[in-house]
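Input: a single structure, listed below in structure tokens.
Computation of the quantities below employed the complete heavy-atom set of this structure, encompassing side-chain atoms and omitting hydrogens, waters and symmetry-equivalent molecules. Just so you know, residue 1 is the first one in the sequence shown, and it goes up from there. Ligands are counted one by one from 1 in listed order, and the atoms in each one are counted from 1 as well.
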Amino acid sequence: MAAGESQPTPPDPALVAKGLQLYNDARLSGGGNFSCASCHLSTGHTNNKTYDGLDVVAVGDPNGRSTPTLWGAGQRMVYGWEGAAPTLEESIRGIIVNRMKGAAPSKETLSALAAYVRSLPYPKNWQLDDDAPIAAATDAVKRGFALFTSDGGCNTCHVVPSLDKPNVEDVGTGGRFKVPSLRAVASTAPYFHDGRTASLRDAVKYMWDFYAKKMNTGRVLTDAELDDLVAYVSAL
Ligand code: HEC
Ligand code: HEC
């Protein structure tokens, strides 16, 4: 991957400014009570809650959907936990109409909101360059990267540059879901589409066991290796 490819391209500042205004505008919702920032915070990050429509529901509720971070969300291969929206604009249109029960947005509104979301970078960890550890990275992160890209098989689904995949997969969580991006994943709990898993360590362990079983490798992860894998994933 070319240097810088994973960060947003410089957008039109006027359009981004208009997008920021709309992002905080509750008039986009039918009831006038919800703006994008209600759930994705004013920073674009997740509020760590799980929703059915506009209602917060218990984690693990089959109709609940965990709020994703918008940091780095300009670069997803597909949008939404069901992987149903091929573009950022489609995704935002669906959220305004279906989740927020708002009026169908104009093309101008959509392109401003999309420009704002595309302007949100993800926090880069000093230990990684293009998602690979640099020489000065900790040994734990280096070992974790090796596990991620070899025995763990993580990179067969969480593919660079956005660490997701354009198609959905059944990983035994109750259906076929999008391979989510792992950007800033250390602070996006709860995990999986319905927020069923509270800790990143448990989510990573689940994924390891899923892949080992699927490929019939019999490769058991030690606690120390799990620490390493979590250290690497937490740096993404
Ligand atoms: C009530 C809370 C809530 C509000 C308000 C809300 N969102 Fe979301 N957003 C979510 C949830 C939950 C998801 C995951 C939904 C799904 O995939 O089914 C999501 C998904 C997204 C995604 C897809 C991200 C990805 O990685 O797939 C984008 C983009 C997004 N929201 C942008 C916005 C914008 C822009 C607004 C304002 C117009 C907005 N959202 C308003 C909760 C909310
Ligand atoms: C076969 C494809 C596949 C493989 C291999 C895979 N994943 Fe996943 N991963 C998924 C899917 C699909 C989900 C979402 C499932 C859901 O939401 O119910 C997911 C979810 C996750 C999550 C939760 C992210 C969030 O935002 O909730 C983490 C963390 C994760 N994977 C890490 C890993 C690690 C680490 C590995 C390697 C040990 C790995 N994955 C291997 C497909 C895969």
Which of the atoms in ligand 1, numbered in the order shown and given with their element, are less than 4.0 Å from a heavy-atom of Leu54?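 Matching atoms, with element in brackets: 1 (C).
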Show me which atoms of ligand 1 lie under 4.0 Å from any heavy atom of Leu88.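 Counting from 1, the qualifying ligand atoms are 29 (C).
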Keeping waters out of it, list the protein N, O or S atoms under 2.8 Å from atom 8 (Fe) of ligand 1.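 Within the sphere that stays under 2.8 Å of atom 8 (Fe) of ligand 1, the protein atoms of type N, O or S are His40 NE2.
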Quick check: does [X] get an N/O under 3.5 Å from an N/O on ligand 1?
{"X": "Tyr79", "answer": "no"}
{"X": "Trp81", "answer": "yes"}
{"X": "Arg76", "answer": "yes"}

Could you tell me whether Tyr206 and Tyr191 have their ring centroids closer than 6.0 angstrom?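 Ring centroids of Tyr206 and Tyr191 are no less than 6.0 Å from each other.
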Say whether [X], considering both its backbone and side-chain N or O atoms, lies within less than 3.5 Å of an N or O atom on ligand 2.
{"X": "His193", "result": "yes"}
{"X": "Phe148", "result": "no"}
{"X": "Tyr191", "result": "no"}

Below 4.0 Å, non-hydrogen atoms only: which portion of Asp194 touches ligand 2? Side chain, backbone, both or neither.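 It is neither part, as no heavy atom is under 4.0 Å.
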For atom 8 (Fe) of ligand 2, state how many protein N, O or S atoms fall inside a distance shorter than 2.8 Å.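 Count of protein N, O, S atoms less than 2.8 Å from atom 8 (Fe) of ligand 2: 2.
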